[in-house]
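Quantities reported herein were computed from a predicted structural model and do not represent experimental measurements. Start at 1 and go down the list; that is how both ligands and their atoms are numbered.
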Amino acid sequence: MERKVFLLFSGGLDSVLAALLLKELGFEVIGIHLTCPFFEKNLNQVKEVAEKIGIELKVIPVTDDYLELVKNPPHGYGKNLNPCIDCKAYMLKKLKEIAGENGIIATGEVLGQRPMSQRLDAFRKIEKIARLERKVLRPLSAKLLPPTIYEEKGIIERDKLLALKGRSRKEHPKILGRFGFNVKEFPTPSGGCLLTEPSYAVKVKDLIEHNELNWRNVKLLKVGRHFRIGNCKLIVGRNKAENEILKEKAGESELTLSVPDYPSPVGLLTCSNPSNETVKTAASIVARYSDAKNEKQVKVNVYKNGKLIRELVVTPCRECERFMVKR
Ligand code: SF4
């Protein structure tokens with residue numbers, strides 16, 4: 001077996017500690033950082049951290065199969081739409097693909113740190129799903145866990161590994177200090193898992209229910225206010241930058257709407273062939289968020305492929321809230 005460790009690397013303190021510990025034991029550590037619109041970290045920060053601690057970093061985007069897992073996780077969701085058990089197994093499978101037969105697989109997980117995916121029974125379940133039973137090294141809690149095959153074969157000295165447990169991070173500064181680092185040098189890279197946030201989860205659920213879950217629509221969840229009008233989705237920009245994004249992302253068959261003559265948001269209707277009624281409702285919502293919201297009648301232009309195709313006159317929506325995708 002090679003002395004190469006493929007470590008799931010978020011750039012957070014736990015993965016940093018795990019990497020330093022494994023390096024100290026003489027292993028070459030390759031940090032594997034998975035990117036995904038649902039749990040995006042600041043990539044520059046992650047790269048900086050990897051560089052600082054002297055490990056190679058591989059950045060791997062998750063693929064379409066991750067969406068299937070969010071849609072229908074075989075082992076269920078956590079509190080919101082976070083499919084933690086299947087998500088962790090997915091990550092380990094990715095690591096396995098990269099590590100091959102001889103690489104050692106490791107994570108910076110700490111026993112008892114998270115309720116759903118960092119319990120002993122969850123570790124076992126996740127390893128079983130990923131077909132990596134006893135092949136996932138968790139150096140921060142290893143002494144509290146059954147030995148991995150790496151420890152059994154003497155590739156790794158169990159005595160040199162740690163016995164961290166729970167959510168407390170009070171040991172971390174001390175351990176980091178041993179490696180000559182200060183905990184302040186490692187701020188947590190911004191960006192957590194959006195699937196754990198109730199207000200975000202409800203928007204993803206809406207996409208799932210309307211069979212619209214794809215990466216393009218997921219990325220658009222970060223832009224604008226979201227409304228559901230029948231089977232159509234309307235996204236209304238909240239500022240100039242978002243308006244530009246919505247215009248740019250509009251597909252060939254999709255409509256954009258805005259109020260001429262007044263400062264106005266751009267609305268993007270993300271469906272083909274919306275009914276007249278839907279377009280009228282969308283226009284009244286866009287008018288409501290424009291500076292013409294107090295007018296009785298407002299002209300709204302409708303564009304397809306950047307070309308003006310219709311002009312409507314509508315009353316700005318007074319009860320738009322009921323169309324909003326929210327909790
Ligand atoms: S919190 Fe999000 S990223 Fe973390 S395991 Fe759960 S689903 Fe995956």
Side-chain angles (χ1 to χ4, degrees), residues 6-19 31-43 45-46 49 57-98 105-132 136-138 140-141 145 164-167 169 188-208 213-215 217-219 221-222:
F6 295 82
L7 171 71
L8 199 57
F9 191 77
S10 68
L13 208 48
D14 294 331
S15 57
V16 165
L17 265 192
I32 307 296
H33 182 76
L34 295 183
T35 59
C36 172
F38 293 126
F39 46 85
E40 232 159 15
K41 300 268 182 207
N42 179 323
L43 203 49
Q45 271 180 296
V46 177
V49 171
L57 184 72
K58 282 189 197 297
V59 178
I60 313 285
V62 304
T63 38
D64 289 353
D65 41 354
Y66 191 87
L67 285 175
E68 289 309 312
L69 187 154
V70 171
K71 225 188 274 180
N72 194 10
H75 298 86
Y77 296 111
K79 254 193 178 165
N80 290 292
L81 219 60
N82 41 315
C84 294
I85 298 288
D86 294 297
C87 171
K88 275 283 155 74
Y90 179 95
M91 292 178 180
L92 290 181
K93 282 186 207 161
K94 285 278 165 203
L95 244 70
K96 186 162 96 172
E97 276 168 34
I98 302 163
I105 289 169
T107 77
E109 289 166 302
V110 172
L111 184 66
Q113 195 180 65
R114 286 178 202 279
M116 188 175 181
S117 61
Q118 292 181 217
R119 300 183 322 247
L120 182 55
D121 59 328
F123 285 161
R124 284 209 174 115
K125 197 190 269 184
I126 292 164
E127 289 178 13
K128 197 166 177 202
I129 303 167
R131 302 212 169 145
L132 281 168
V136 181
L137 181 70
R138 298 177 175 91
L140 302 190
S141 291
L145 301 170
L164 299 185
K165 194 177 175 184
R167 302 179 81 93
R169 295 237 161 112
T188 307
S190 49
C193 177
L194 294 168
L195 293 168
T196 63
E197 289 177 16
S199 58
Y200 184 85
V202 91
K203 291 185 196 155
V204 179
K205 243 186 224 165
D206 171 76
L207 289 180
I208 295 172
L213 190 72
N214 58 47
W215 291 124
N217 289 340
V218 168
K219 285 177 189 160
L221 291 183
K222 290 183 185 161

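- In this structure, atom 4 (Fe) of ligand 1 is not in close contact with the protein, since no protein heavy atom lies within 4.0 Å of it.
- Nearest-residue assignment for atom 6 (Fe) of ligand 1 (options Ser10, Cys87, Cys84; heavy-atom criterion): Cys84.
- Atoms of ligand 1 found under 4.0 Å from any heavy atom of Phe39 (numbered from 1 in listed order, with element): 3 (S).
- Atom CD of Gln118 sits about 8.5 Å away from atom CZ of Arg138, to the nearest 0.5 Å.
- Annotation for Arg131: atom CZ does not count as buried by contact number, only 12 or fewer foreign heavy atoms lying within 6.0 Å.
- By the 30° and 60° cut-offs, the orientation of the rings of Tyr66 relative to Phe39 is perpendicular.
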**Request:** Please lay out, stage by stage, how Thr63 and Tyr90 fare under the test side-chain hydrogen bond (donor to acceptor under 3.5 Å, both in side chains).
**Result:** CA-CA 10 Å; Thr63 38; Tyr90 179 95; 2.9 Å; yes
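- Not one N/O/S atom of Cys193, from backbone or side chain, sits under 2.8 Å from atom 6 (Fe) of ligand 1.
- Neither side chain, Glu197 nor Ser199, offers a donor N or O lying under 3.5 Å from an acceptor on the other.
- Atom numbering of ligand 1 starts at 1 in the shown order; those under 4.0 Å from a heavy atom of Pro83 are 7 (S).
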